[in-house]
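All remarks here apply to the structure that follows.
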Amino acid sequence: MTPRVPRVPRLSCLRAIMRKLRATVGSGLGKQAAGQERRKKRAPNSSQAKPSVPKAYAGKIFECPGSPADLASQQEEEMLQASVSPYHLFKNRTEITAFRKSLLSWYDREKRDLPWRRQAEDEADLDRRAYAVWVSEVMLQQTQVATVINYYTRWMQKWPTLQHLANASLEEVNQLWAGLGYYSRGRRLQEGARKVVEELGGHMPRTAETLQQLLPGVGRYTAGAIASIAFGQATGVVDGNVVRVLCRVRAIGADPRSTLVSQQLWSLAQQLVDPNRPGDFNQAAMELGATVCTPQRPLCSQCPVQSLCRARQRVEQEQFSASWSLQGSPDVENCTPNTGKCQLCLPSTEPWNHTLGVINFPRKASRRPPREEYSATCVLEQPRALGGARILLVQRPNSGLLAGLWEFPSVTVEPSGQHQCKALLQKLQSWAGPLPATHLQYLGEVSHTFSHIKLTYQVYGLALEGQTPMTTPPGAQWLTREEFYTAAVSTAMKKVFRVYEDYQPGTCKGSKRPQLSSPSSRKKPNRGQQVLDSFFRPHIPTDTPSLNSAAQ
């Protein structure tokens, strides 16, 4: 039995539009509908006899469905659109055309000069152009533009084509990616390059659908960005910036991560994308969200589409109502106040907040805090090694957090800190052989937050005597301090090493501080002890250059 679609205002208007569209679709749909009607008469109880339903809102280009899957998908979208108030849609093609024209005119005047845009505009070879866009889009995921620029420039200088990247090693990729975060992105980018070269004849897939289907790590957004910018396919994209723009323009206050809202945003993006300049339009929408329609301080007066923005209209309405004691309000269209809860409006539990203005859209759902984990890690150094001081690094597993990167020997511990010295020493000895336990010194702790984990490192140091080279088992290497800063190490490990450097272990031999200590055994000194410690602490000139300052 077909589920009952909830009634919404203007539903009669939508039905009139649908009847008109059915009459103009053409003989193809008419014949198909007639065939379905005959099948329905032959099998009245068959659940597979589903009528073809065209799209529900005006301005959409219709296509004759060609398979049962197409029919099901079309009917699902029809159901979605029929349950959405027209308030959250664009009225007609004239409004859509005005939106495109205003946004693209603004983009032509105000767009930022970015290296990946120059690369895509100047490159005639489609495969090289798509590769340049691909690299930029992967790097820009969860990372700010200012951070990406230098990484992108170095990457394209080292691997200017897919073939160059396919021939690189994962170690080289991790080394260049170090510090950019979300390291699996670089690994999947190289895997994709190898697949293109080895299996696809060196040619990038030409559509969003095939890009997403064939390339590892390429999702719906990345595929749409590559296809529209590099190949001119008229496909919309939805990233964080576009979500914010669309939610404000159409006053969508529900959680953007929900299935219904996400589908609606992708539908709006596809409806709006300019078929003549799809790549520029998608970049313009992202640029608008990044520079004008920002999360906290939007510049509404500079917005090229402010006249079409329902969030701004709502602000003006609320300001008018607050400034006049008379009944009534300005002639501003509202959503469906008399028909119950709208699934795209602000939730009833979080009504309009006058202090937020347009920032009411979209409302951020509460995020689960990252889980806390603890690790004991040790900087093991040979200060007098032949050829200069060296430190030990070991490689992480090829899967999981920070896969394939190098780190100081570490063990997972409990927050209480009990028994971590013994566990850490056993870990060190598994890599470097017998070690003097009494020289293991606790130096402090640092925290680093990954996407879903807050990891606190209890930092230890151990300096070895003598010049005899230590053994180097597989998966380990001894590096100089200079080599450490250019190796494939994470930002967290650089934080750990700064603690070790700041401690200056070479100057502490005469210190009365215990050589073996742990976080649980160190008590906070009283005020008098703090004064004495400050007085006797060695003075380090602030203008002395160091590797620590160079690394930043």
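Heads up: numbering here begins at 1 and tracks the sequence.
Ser262 and Thr259 share no donor-acceptor pair across their side chains, judged by distance under 3.5 Å alone. For Glu121 and Trp116, the side-chain atoms include no donor-acceptor pair closer than 3.5 Å. For His164 and Lys158, the side-chain atoms include no donor-acceptor pair closer than 3.5 Å. With 3.5 Å as the limit, one finds a donor-acceptor pair spanning the side chains of Tyr460 and Gln420. Of the N and O atoms on the side chains of Thr222 and Gln141, at least one donor lies less than 3.5 Å from an acceptor on the other residue. Side chains of Tyr152 and Gln119: a donor-acceptor N/O pair is absent below 3.5 angstrom, by distance only. Remark: the Glu414 side chain and the Tyr374 side chain contain no N/O donor-acceptor pair separated by less than 3.5 Å.
For the pair Glu350 and Leu346, the tightest heavy-atom approach, listed with the atom from each and the gap, is O-CB, 3.8 Å. For Cys345 against His88, the heavy-atom pair with the smallest separation is SG-NE2, 3.4 Å. Across every non-hydrogen atom of Leu126 and Ala230, the tightest pair is CD2-O, 3.8 Å. Of all heavy-atom pairs spanning Leu464 and Pro383, the tightest one is O-CD, 3.1 Å. Minimum heavy-atom separation, Val218 to Gln212: O-CG, 3.6 Å. The two residues Lys495 and Ser447 make their nearest non-hydrogen contact at NZ-O, 3.3 Å.
A side-chain contact (heavy atoms from CB on, under 4.5 Å) with Lys427 is found for one member of Thr377, Val394, Val411 and no other, namely Val411.
By the 6.0 Å contact criterion, CZ on Arg194 is enclosed, its count of non-hydrogen atoms from other residues, nucleotides or ligands being greater than 12. Remark: Lys454 NZ is loosely packed, at most 12 non-hydrogen atoms of other residues, nucleotides or ligands lying under 6.0 Å away. Other residues, nucleotides and ligands contribute at most 12 non-hydrogen atoms within 6.0 Å of the NZ atom of Lys422. Atom CG of Asn398 has 12 or fewer heavy atoms from other residues, nucleotides or ligands within 6.0 Å. Under a cut-off of 6.0 angstrom, the local environment of CZ in Arg368 is sparse, with at most 12 non-hydrogen atoms contributed by other residues, nucleotides or ligands.
Using a 4.5 Å cut-off on side-chain heavy atoms (C-beta onward), Leu162 and Trp134 make contact. At least one side-chain heavy atom of Leu268 sits less than 4.5 Å from a side-chain heavy atom of Ile252. Within the 4.5 Å cutoff, the side chain of Cys378 has heavy atoms near those of the Leu440 side chain. Using a 4.5 Å heavy-atom threshold, the side chains of Gln190 and Trp159 count as separate. Side-chain contact check for Tyr442 versus Tyr503: every heavy-atom pair is 4.5 Å or farther apart. Looking at heavy atoms from C-beta onward, Leu265 lies in side-chain contact with Pro256 at the 4.5 angstrom threshold. Contact of the Pro298 side chain with the Ile359 side chain is registered, since non-hydrogen atoms from C-beta on lie closer than 4.5 Å. For the pair Leu288 and Trp106, the minimum side-chain heavy-atom distance is below 4.5 Å.
The aromatic rings of Phe281 and Phe99 lie tilted to each other, with the angle between the two planes from 30° to 60°. Taking the six-membered ring for Trp and thresholds of 30 and 60 degrees, Tyr500 and Phe497 have nearly parallel ring planes, at less than 30 degrees apart.
Arg100 places a side-chain N or O within 3.5 Å of a backbone atom of Leu272 that can act as its donor or acceptor partner. Side chain of Ser410 to backbone of Phe408: a donor-acceptor contact under 3.5 angstrom is found. One N or O on the side chain of Asp127 and one on the backbone of Met204 form a donor-acceptor pair closer than 3.5 Å. Judged purely by atom type and a 3.5 angstrom limit, Thr147 has no side-chain atom pairing as donor or acceptor with the backbone of Thr143. Proximity of a side-chain donor or acceptor of Arg185 to a complementary backbone N or O of Tyr182 within less than 3.5 Å is detected. In this structure, Thr294 contributes its side chain and Thr291 its backbone to no donor-acceptor pair below 3.5 Å. With Glu445 contributing its side chain and Tyr457 its backbone, the two residues share no donor-acceptor pair below 3.5 Å.
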Going through the checks in order, is the side-chain contact (heavy atoms from CB on, under 4.5 Å) test met by Leu462 and Gln441? CA-CA 6 Å; Leu462 199 162; Gln441 294 180 325; over 6 Å; no

Evaluate the side-chain hydrogen bond (donor to acceptor under 3.5 Å, both in side chains) criterion for residues Thr412 and Ser375: first the C-alpha distance (whole Å), next the side-chain angles of each, then the deciding distance (0.1 Å), finally the verdict. CA-CA 4 Å; Thr412 301; Ser375 177; 5.4 Å; no

Carefully, step by step, assess Phe450 and His448 under the rule ring pair (Phe, Tyr, Trp, His ring centres under 6.0 Å). CA-CA 7 Å; Phe450 301 92; His448 188 82; 4.9 Å; yes

List the steps and the verdict of side-chain contact (heavy atoms from CB on, under 4.5 Å) for Trp431 and Leu392. CA-CA 9 Å; Trp431 288 106; Leu392 178 67; 4.0 Å; yes

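With salt bridges taken as basic N to acidic carboxylate O contacts below 4.0 Å, one links Asp280 and Arg277. Between Arg390 and Glu381, none of the side-chain N atoms (NZ, or NE/NH1/NH2) sits under 4.0 Å from a carboxylate O, so this pair counts as no salt bridge.
For the pair Arg109 and Tyr107, the cation-pi criterion (under 6.0 Å, within 45° of the ring axis) is not fulfilled.
To the nearest 0.5 Å, atom CG of residue Leu211 and atom OG1 of residue Thr235 are 10.0 Å apart.
With sequence neighbours excluded, the residues satisfying side chain to side chain contact (heavy atoms under 4.5 Å, CB included) with Arg396 are Leu401, Leu402, Glu407.
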